[in-house]
2 protein chains.
Amino acid sequence: MRISELSERSGVAVATIKYYLREGLLHPGLTLAPNRADYDDEHVRRLRLIRALIEVGGLSIASVVQTLAAVDDASVSIHDAFGVAQDALSPATPTPAPELGSTPTGSNSPTPCTDAQLEVDRWLRRRRWKVRPDAAARTELAETLAALQQFGWGHSASLFDGLADYALEQAGLEVGYLDPQQDRSSLMEQAIIGTVAFEQAYGAIRRLALEHQSYQRFGRRRSVSA
Amino acid sequence: MRISELSERSGVAVATIKYYLREGLLHPGLTLAPNRADYDDEHVRRLRLIRALIEVGGLSIASVVQTLAAVDDASVSIHDAFGVAQDALSPATPTPAPELGSTPTGSNSPTPCTDAQLEVDRWLRRRRWKVRPDAAARTELAETLAALQQFGWGHSASLFDGLADYALEQAGLEVGYLDPQQDRSSLMEQAIIGTVAFEQAYGAIRRLALEHQSYQRFGRRRSVSA
DNA sequence: GTGTAGTGGATAGTTATACTATCCACTAAC
DNA sequence: GTTAGTGGATAGTATAACTATCCACTACAC
């Protein structure tokens with residue numbers, strides 16, 4: 001298959017495919033001649049996965065590269081690949097804080113992130129969840145906890161207990177759905193798509209549910225004092 | 001309060017505050033002289049909200065503008081403001097598809113999005129959820145359904161039934177937590193932060209739970225055939 | 001008074017991301 | 001033997017979110 005056919009079949013522009021090849025998202029085709037290379041169904045399949053991660057999961061190209069590297073590396077276990085995919089979904093440490101005293105942050109921000117971080121770590125220990133100490137989701141959760149605290153949504157991580165009970169159950173179903181007997185790359189793909197797509201799905205469903213519930217509670221009332 | 005003090009107290013750089021003023025995210029201070037304006041605690045508070053929406057929720061500046069406009073517009077009901085915040089959280093219609101025949105998409109992509117869209121709309125009707133027909137989350141959910149279908153995660157929206165039952169319950173708790181007696185702007189802020197932060201929190205918790213469950217199922221095994 | 005740090009406002013520049021377009025030597029098929 | 005198309009390289013574009021510079025001016029210290 002030539003690049004133009006790959007483009008047609010995947011719906012991805014030729015220039016974009018070339019870009020993905022350069023970035024290492026897509027394996028190069030079999031070079032038949034200096035200006036002739038052969039692509040196959042694996043390339044179509046890979047492009048579908050790439051587009052799904054970008055469009056559905058909102059991953060950056062760099063995150064996709066990392067994720068696909070784990071998919072392709074046969075020495076990475078399914079479990080470890082899950083970890084990579086999960087970190088790729090976390091919004092890439094939005095708090096680098098390069099330790100410069102030049103930032104306008106004076107005596108403010110009494111490291112609420114660290115407080116929340118400790119709280120989250122303690123909470124995870126109480127629940128006996130086996131997660132890497134450096135899992136990106138830990139930090140992410142600590143940041144959302146800090147934000148919720150600031151705006152009057154309670155102070156302790158036990159705020160998340162209900163969510164966690166349900167998430168554990170749901171994650172069990174999702175992981176259980178995967179068949180360890182099928183071939184490794186399909187299993188990986190399915191696990192990764194599941195990780196990103198169900199997360200988006202839950203977000204969307206939650207927003208629909210919130211809209212429905214807020215209609216029940218606040219609907220038809222045209223404003224609430226000033 | 002002068003701009004430098006506002007910067008110190010909020011931890012946002014002066015240049016960034018000026019940028020937010022230009023973009024209309026922050027109300028201008030009270031102008032005392034051509035080069036003197038006065039900012040108050042409301043500005044500090046607003047900056048905290050803006051940063052939380054951007055850092056925790058990952059919203060774009062444009063989405064924040066829209067959300068804050070709803071917060072400030074006293075004629076917008078709480079319920080409608082929820083809708084605005086929810087749409088701001090959806091990843092801004094990543095499928096504009098400007099109807100150009102020039103795109104490389106030939107006869108492929110048998111509008112799976114539309115099929116999934118119909119399926120999602122039917123599913124919502126079955127559940128009797130009251131949501132705007134143009135809610136962004138509908139489209140988003142349809143897209144994730146299409147992705148899940150493509151990768152072998154089942155075909156019907158009933159895949160989401162469990163998620164939806166739980167989301168409904170959780171959304172009820174969340175909306176119920178809001179006190180309609182408190183002043184409008186605090187209520188709005190709390191509702192909006194809740195919408196964005198709990199969504200991120202659930203995502204993070206879900207990833208932690210997935211990691212835990214995948215450890216139980218796949219951990220210690222070093223790869224699964226090739 | 002005079003100097004100077006800081007201000008508000010405008011405008012221009014920067015960095016990063018994700019493409020998109022152009023160029024070119026070449027070649028396979030008509 | 002022409003020509004549409006290819007692979008590969010390189011350059012350009014668009015957008016987002018800042019960041020930096022400039023400038024006339026002014027409040028306050030001395």
Side-chain angles (χ1 to χ4, degrees), chain A residues 1-8 10-39 43 47 50-55 57-66 88 91-98 100 102-106, chain B residues 1-8 10-39 43 47 50-51 53-55 57-66 88 91-96 98 100 102-106:
Chain A
M1 184 192 314
R2 286 157 294 180
I3 203 168
S4 61
E5 193 181 341
L6 180 58
S7 166
E8 257 173 60
S10 62
V12 178
V14 171
T16 306
I17 293 176
K18 289 183 176 185
Y19 168 63
Y20 289 167
L21 286 166
R22 281 198 304 281
E23 297 296 311
L25 277 82
L26 199 61
H27 294 138
L30 184 64
T31 304
L32 302 174
N35 67 336
R36 202 122 267 245
D38 193 49
Y39 303 95
H43 290 92
L47 274 174
I50 292 169
R51 293 311 303 173
L53 291 175
I54 290 172
E55 282 170 14
L59 267 67
S60 66
I61 298 289
S63 300
V64 174
V65 169
Q66 297 221 330
T93 51
T95 327
L100 287 165
S102 66
T103 47
T105 316
Chain B
M1 184 190 316
R2 285 156 295 179
I3 202 168
S4 62
E5 194 182 341
L6 180 59
S7 166
E8 258 173 60
S10 63
V12 178
V14 171
T16 306
I17 294 176
K18 288 182 175 185
Y19 168 62
Y20 289 167
L21 286 166
R22 281 197 304 280
E23 296 296 311
L25 276 83
L26 198 61
H27 295 139
L30 184 64
T31 304
L32 302 175
N35 67 335
R36 201 122 267 245
D38 194 50
Y39 303 96
H43 289 93
L47 274 173
I50 291 169
R51 293 312 302 174
L53 291 176
I54 290 173
E55 282 171 13
L59 267 65
S60 66
I61 298 288
S63 300
V64 175
V65 170
Q66 297 220 331
T93 52
T95 329
L100 288 164
S102 66
T103 48
T105 317

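A note on names: the letters A, B, ... follow the listed sequences, proteins ahead of strands, and every chain is numbered from 1. Values below: all heavy atoms of this structure, side chains included; hydrogens, waters and symmetry mates excluded.
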Practice task
Please check if the side chain of A:H43 supplies one atom and the backbone of A:H27 the other of a donor-acceptor pair under 3.5 Å.
Solution key: yes

Practice task
Figure out the OH/P separation between B:Y19 and D:dA16, and round it to whole Å.
Solution key: 9 Å

Problem - Enclosure of A:R51 CZ (heavy-atom neighbours >12, cutoff 6.0 Å) - result: yes

Exercise for the section: Looking only at side-chain atoms of B:T16, point me to the closest of D:dT19, D:dG5, C:dC19. Expected result: D:dT19

Problem - Name of the residue among A:L30, A:I17, A:L21 meeting side chain to side chain contact (heavy atoms under 4.5 Å, CB included) with A:Y39 - result: A:L21

Exercise for the section: Answer yes or no: does a side-chain N or O of A:T31 lie under 4.0 Å from OP1 or OP2 of D:dG7? Expected result: no

Exercise for the section: Answer with base, sugar-phosphate or nothing: what part of the nucleic acid does B:A33 contact at a heavy-atom distance below 4.0 Å? Expected result: sugar-phosphate

Completion exercise
A:R36 CZ to C:dA25 C1', in whole Å, measures 15 Å

Exercise for the section: Respond yes when some side-chain nitrogen or oxygen of B:Y20 is under 4.0 Å from OP1 or OP2 of D:dC18, and no when none is. Expected result: yes

Fill in the blank from the handout: dist B:L53:CG -> B:L25:CG (nearest 0.5 Å) comes out at 9.0 Å

Problem - Closest nucleotide among C:dA21, D:dG7, D:dT19 to the A:A15 side chain - result: C:dA21

Practice task
Quickly work out the B:L59 CG to D:dA16 P distance and round it to whole Å.
Solution key: 14 Å

Practice task
Could you state the atom-to-atom distance from CG of A:L6 to P of D:dT6 in whole Å?
Solution key: 11 Å

Handout entry: B:R51 side-chain N/O to D:dC18 phosphate OP1/OP2 under 4.0 Å
Key = yes

Problem - Under-3.5 Å donor-acceptor pair between B:R22 side chain and D:dT19 base - result: yes

Exercise for the section: Identify which nucleotide among C:dT20, D:dG5, C:dT7 has an atom closest to any side-chain atom of B:I3, counting heavy atoms from C-beta outward. Expected result: C:dT7

Fill in the blank from the handout: In whole angstroms, the gap separating C1' of C:dC19 from CG of A:L47 amounts to 14 Å

Exercise for the section: Verify, without hydrogens or angle tests, whether A:S7 (side chain) and A:V12 (backbone) share a donor-acceptor contact under 3.5 angstrom. Expected result: yes

Practice task
Using whole Å, report how far CD of A:Q66 lies from P of C:dT17.
Solution key: 12 Å

Completion exercise
Separation of D:dG7 atom P from A:R2 atom CZ, nearest Å, is 9 Å

Practice task
Compare the minimum distances between each of D:dC18, D:dA17, C:dG9 and the side chain of B:K18, then state the nucleotide with the smallest one.
Solution key: C:dG9

Completion exercise
Heavy-atom nearest nucleotide on DNA chain D taken for A:L21 and for A:N35; more 5' hit belongs to A:N35

Exercise for the section: Check the distance between C:dG9's C1' and B:L26's CG and give it to me in whole angstrom. Expected result: 15 Å

